[in-house]
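All residue numbers refer to positions in the sequence shown, counting from 1.
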Amino acid sequence: MQTEEEHLNEAMEQDVYVPKYDAYKPKFKGLPDGYFRNSWGNVIIIILLWFFIHGVATGLFSLCMALLNINTVTVSWIFFAIFMVYIATIILCIFVGETKRKKLQANYIKEALAQKKLEDD
């Protein structure tokens, strides 16, 4: 039984796929070399590590607050600031990753166009 990718590649090779408006049919794979998708085992390990790190950090922070005898309002504001930094970090990581993906995709398209031009000549 064919996978979806094999079926799509076969359809593109047999010219079954007819692009609208003379669209270019790229002949490259969408994944870069050395890229491996996460398996369920990796996801579970990442989640367990996140819980462990979060628990240790929260425990150490709470212990420091108790030892320094800081009131609860200050602790709440500190946790809020940490949460905002966390959200900003996530947004920044997504932005940087998306920018890299767009550059990589543009390079793949340039390479595919150059390959097509060489094949046509």
Side-chain angles (χ1 to χ4, degrees):
M1 184 167 190
Q2 287 183 330
T3 64
E4 184 177 333
E5 184 177 324
E6 290 171 350
H7 180 68
L8 181 61
N9 288 338
E10 182 180 320
M12 300 247 316
E13 287 173 4
Q14 295 177 354
D15 291 328
V16 174
Y17 171 72
V18 180
K20 295 181 181 180
Y21 311 112
D22 293 327
Y24 172 68
K25 296 188 297 186
K27 299 220 188 257
F28 61 86
K29 292 185 178 181
L31 297 177
D33 294 334
Y35 176 82
F36 300 101
R37 291 189 171 105
N38 281 332
S39 66
W40 281 108
N42 291 348
V43 172
I44 290 171
I45 290 172
I46 290 168
I47 290 171
L48 290 176
L49 285 173
W50 182 86
F51 277 122
F52 174 74
I53 291 169
H54 183 73
V56 168
T58 305
L60 288 175
F61 184 77
S62 299
L63 181 65
C64 290
M65 291 297 127
L67 292 176
L68 295 174
N69 199 15
I70 297 176
N71 63 5
T72 56
V73 175
T74 306
V75 172
S76 299
W77 280 110
I78 291 172
F79 271 119
F80 177 73
I82 291 171
F83 179 70
M84 288 295 118
V85 168
Y86 174 72
I87 296 297
T89 304
I90 290 174
I91 292 170
L92 181 67
C93 289
I94 290 171
F95 174 75
V96 169
E98 191 67 21
T99 304
K100 285 183 181 180
R101 185 193 63 81
K102 285 180 182 179
K103 288 180 183 176
L104 187 63
Q105 186 177 20
N107 286 338
Y108 279 147
I109 291 172
K110 285 179 187 176
E111 289 175 9
L113 288 172
Q115 181 182 5
K116 182 181 180 205
K117 186 175 181 182
L118 287 174
E119 289 175 359
D120 290 342
D121 291 342

Enquirer: To the nearest 0.5 Å, what is the distance between OG on Ser39 and CD1 on Ile45?
Expert: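 One finds 7.5 Å between OG of Ser39 and CD1 of Ile45.
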
Enquirer: Do Met84 and Tyr86 belong to the same hydrophobic cluster, where Ile, Leu, Val, Met, Phe, Trp and Tyr are linked whenever their side-chain heavy atoms lie under 4.5 Å apart, directly or via other members?
Expert: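 Yes; tracing contacts between hydrophobic side chains, which count when under 4.5 Å, links both residues.
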
Enquirer: Carefully, step by step, assess Arg101 and Glu98 under the rule salt bridge (Lys or Arg N to Asp or Glu O under 4.0 Å).
Expert: CA-CA 5 Å; Arg101 185 193 63 81; Glu98 191 67 21; 2.5 Å; yes

Enquirer: Which value, rounded to the nearest 0.5 Å, describes the distance between Gln105 atom CD and Asn107 atom CG?
Expert: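 Atom-to-atom, Gln105:CD and Asn107:CG are 10.5 Å apart.
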
Enquirer: Given side chains that start at C-beta, do those of Cys93 and Val96 come closer than 4.5 Å, heavy atoms only?
Expert: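 Result no, sub-4.5 Å side-chain heavy-atom pair not found.
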
Enquirer: Can you get from Val73 to Leu67 by hopping between Ile, Leu, Val, Met, Phe, Trp and Tyr side chains that sit under 4.5 Å apart?
Expert: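 The answer is no; the residues belong to distinct hydrophobic clusters.
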
Enquirer: So how far is it from Thr89 OG1 to Ile94 CD1, rounded to the nearest 0.5 Å?
Expert: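 So the OG1 of Thr89 and the CD1 of Ile94 are separated by 11.0 Å.
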
Enquirer: Angle between ring planes, Trp50 versus His54, binned at 30° and 60°: parallel, tilted or perpendicular?
Expert: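 Rings of Trp50 and His54: parallel, as their planes differ by under 30°.
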
Enquirer: Just how far is it from atom CG of Leu92 to atom CD1 of Ile87, taken to the nearest 0.5 Å?
Expert: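 Going from the CG atom of Leu92 to the CD1 atom of Ile87 covers 13.0 Å.
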
Enquirer: Are Leu118 and Ile109 linked, directly or through intermediate hydrophobic residues, by side-chain heavy-atom contacts shorter than 4.5 Å (ILVMFWY only)?
Expert: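 No, Ile109 does not connect to Leu118 through the hydrophobic network.
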
Enquirer: If only atom types and distance count, is the side chain of Thr74 paired as donor or acceptor with the main-chain N or O of Ile70 below 3.5 Å?
Expert: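 No.
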
Enquirer: Drop me the distance from Phe79's CZ to Ser62's OG, to the nearest 0.5 angstrom.
Expert: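 Separation between the atoms: 4.5 Å.
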
